[in-house]
Q: 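Can you read through this structure? Questions will come right after.
The analysis underlying the following values was restricted to heavy atoms, covering all of them including side chains, and did not include hydrogens, waters or symmetry mates. One-based numbering, in listed order, for ligands and for the atoms of each.
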Amino acid sequence: MSDRHPAEAYHRWYYDTEVWEGVSFLGVTTNKSVSDMWNYQEILSELRPSLVIEFGTRFGGSALYFSVIGRAINPDLKVLSVDIHHHEVFPRVHEDPAIRLVTNSSTSPEVLEIIRQMRGQNPGRVFFILDSDHSRDHVLAELEQLRRVVESGDYVVVEDGNINGHPVLPGWGEGPTEALEAYFERYPADYVRDEDREAKFGFTFAPSGFLVKP
Ligand SMILES: C[S@@+](CC[C@H](N)C(=O)[O-])C[C@H]1O[C@@H](n2cnc3c(N)ncnc32)[C@H](O)[C@@H]1O
């Protein structure tokens with residue numbers, strides 16, 4: 001998208017003035033683009049998943065969002081949210097009966113095993129969202145590990161590919177966009193990019209990161 005496109009100017013303003021740092025859902029902070037959140041709500045409504053799996057909890061606002069919206073669509077939905085620590089999580093998130101917090105690295109074998117178990121207990125489609133350590137190698141390792149648990153019909157969002165100059169934070173270093181480039185070189189047929197969703201609201205924090213498992 002051209003630098004002169006009004007949506008890109010809005011993206012830069014939204015990011016550079018840290019609007020995203022002050023977003024909240026039911027009083028719980030979440031670090032997101034609000035139009036991405038609306039996009040996720042539309043995806044969940046179509047996908048009707050049994051499970052949302054999030055890497056990167058931080059305050060828990062996004063986990064709470066996926067739980068509240070997801071259970072309005074499927075009352076049996078469960079949310080797994082993984083982080084290396086949970087000391088910033090708001091109490092309301094701890095109290096939510098559908099959210100399971102697991103303290104570990106998203107790429108650990110233990111997390112892979114928990115995903116397998118939760119899939120077995122909650123048959124159906126899964127919405128995955130990768131929002132933890134945004135370095136290229138970590139995101140690539142997450143995607144590699146997910147190959148063992150993602151199934152046809154699942155949806156995977158890789159967040160924050162907008163950093164490292166795509167178009168925000170130039171010079172940040174290789175991040176999710178570079179991880180996705182490396183991943184698709186290795187496994188070109190693993191996912192189909194949902195380009196209509198990606199483009200729907202003019203800008204997204206997850207460029208190239210709306211993926212459907214065929
Ligand atoms: C951008 S924040 C998550 C924001 C949250 N998903 C939201 O939208 O409100 C990134 C989180 O990833 C966590 N993190 C960093 N490295 C990680 C790893 N190896 N595994 C899991 N989480 C990690 C950090 O501790 C931090 O809380």
Q: Shortest non-hydrogen contact from Glu8 to Pro167?
A: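 Answer, listing the atom of Glu8 first, then Pro167: OE2-CB, 3.4 Å.
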Q: Tell me the closest heavy-atom pair linking Glu46 and Arg197, and the distance in Å.
A: OE2-NH2, 3.2 Å
Q: Lys32 to ligand 1: N or O pair under 3.5 Å?
A: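 Yes, Lys32 has an N/O under 3.5 Å of an N/O on ligand 1.
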Q: Between the candidates Ile84, Asp160, Val89, which shows the shortest non-hydrogen contact distance to atom 17 (C) of ligand 1?
A: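 Going through Ile84, Asp160, Val89 one by one, Ile84 has the nearest heavy atom to atom 17 (C) of ligand 1.
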Q: Write out the residue and atom name of the closest protein heavy atom to atom 1 (C) of ligand 1, then the distance separating them to 0.1 Å.
A: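 It is Asp131 OD1, 3.6 Å.
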Q: Closer than 4.0 Å to some heavy atom of Ser105 - which atoms of ligand 1 meet that?
A: 18 (C), 19 (N), 20 (N)
Q: Looking only at protein heavy atoms, which one is nearest to atom 22 (N) of ligand 1, and how far off is it?
A: Ser132 CB, 3.4 Å
Q: When you measure from atom 7 (C) of ligand 1 to every protein heavy atom, which one gives the shortest distance, and what is it?
A: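 Heavy-atom neighbour on the protein nearest atom 7 (C) of ligand 1: Ser62 OG, 3.0 Å.
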Q: Give a yes/no verdict on whether any heavy atom in Glu159 is under 4.0 Å from an atom of ligand 1.
A: no
Q: Is the distance from the ring center of Phe128 to that of Tyr155 below 6.0 Å?
A: no
Q: Who's the nearest protein heavy-atom neighbour of atom 16 (N) of ligand 1, and how far?
A: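 That would be Asp133 CB, 3.5 Å.
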Q: Test salt bridge (charged side-chain N to carboxylate O under 4.0 Å, His left out) on Asp154 and Arg119 and set out the steps.
A: CA-CA 12 Å; Asp154 290 346; Arg119 277 213 92 134; 2.6 Å; yes
Q: Within this structure, what is the CG-OG distance for the pair Leu101 and Ser81, rounded to the nearest 0.5 Å?
A: 6.0 Å
Q: Using a 4.0 Å cutoff against the non-hydrogen atoms of Glu54, which atoms of ligand 1 qualify?
A: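 It comes down to these atoms of ligand 1: 6 (N).
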Q: Identify, for atom 26 (C) of ligand 1, the protein heavy atom at the shortest distance, and state residue, atom and that distance.
A: Asp83 OD2, 3.4 Å
Q: Where does Thr57 meet ligand 1, judged by heavy-atom distances below 4.0 Å: at the side chain, the backbone, both, or neither?
A: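 For Thr57, the contact with ligand 1 is made by the backbone alone.
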Q: For atom 21 (C) of ligand 1, which protein heavy atom lies nearest, and how many Å away is it?
A: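 I find the closest protein heavy atom is Ser106 N, 3.6 Å.
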Q: Is the distance between the ring centroids of Trp20 and Tyr14 under 6.0 Å?
A: no
Q: For the aromatic rings, using the six-membered ring if either is Trp, is the centroid distance between Phe66 and Phe25 under 6.0 Å?
A: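 No - the distance between ring centres of Phe66 and Phe25 does not fall below the 6.0 Å cut-off.
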Q: Please report the shortest heavy-atom distance between Val93 and Gly60, naming the atom on each side.
A: CG2-O, 3.5 Å
Q: Pick one of side chain, backbone, both or neither for how Arg58 approaches ligand 1, counting any non-hydrogen atom pair under 4.0 Å.
A: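 Both of them.
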Q: Please list the nearest protein heavy atom to atom 9 (O) of ligand 1 with its residue and the distance rounded to 0.1 Å.
A: Thr30 OG1, 2.9 Å
Q: If you take all heavy atoms of Arg136 and Ala179, which pair is closest and at what distance?
A: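 For Arg136 and Ala179, the tightest heavy-atom pair comes out as O-CB, 3.4 Å.
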Q: So is Gly56 polar-close to ligand 1, meaning N/O to N/O under 3.5 Å?
A: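 There is such a contact, yes.
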Q: What atoms of ligand 1 come within less than 4.0 Å of a heavy atom belonging to His85?
A: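 Reading through ligand 1 atom by atom, the close ones are 25 (O).
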Q: Measure across Ile73 and Arg48 and return the closest heavy-atom pair with its distance rounded to 0.1 Å.
A: O-NH2, 2.8 Å
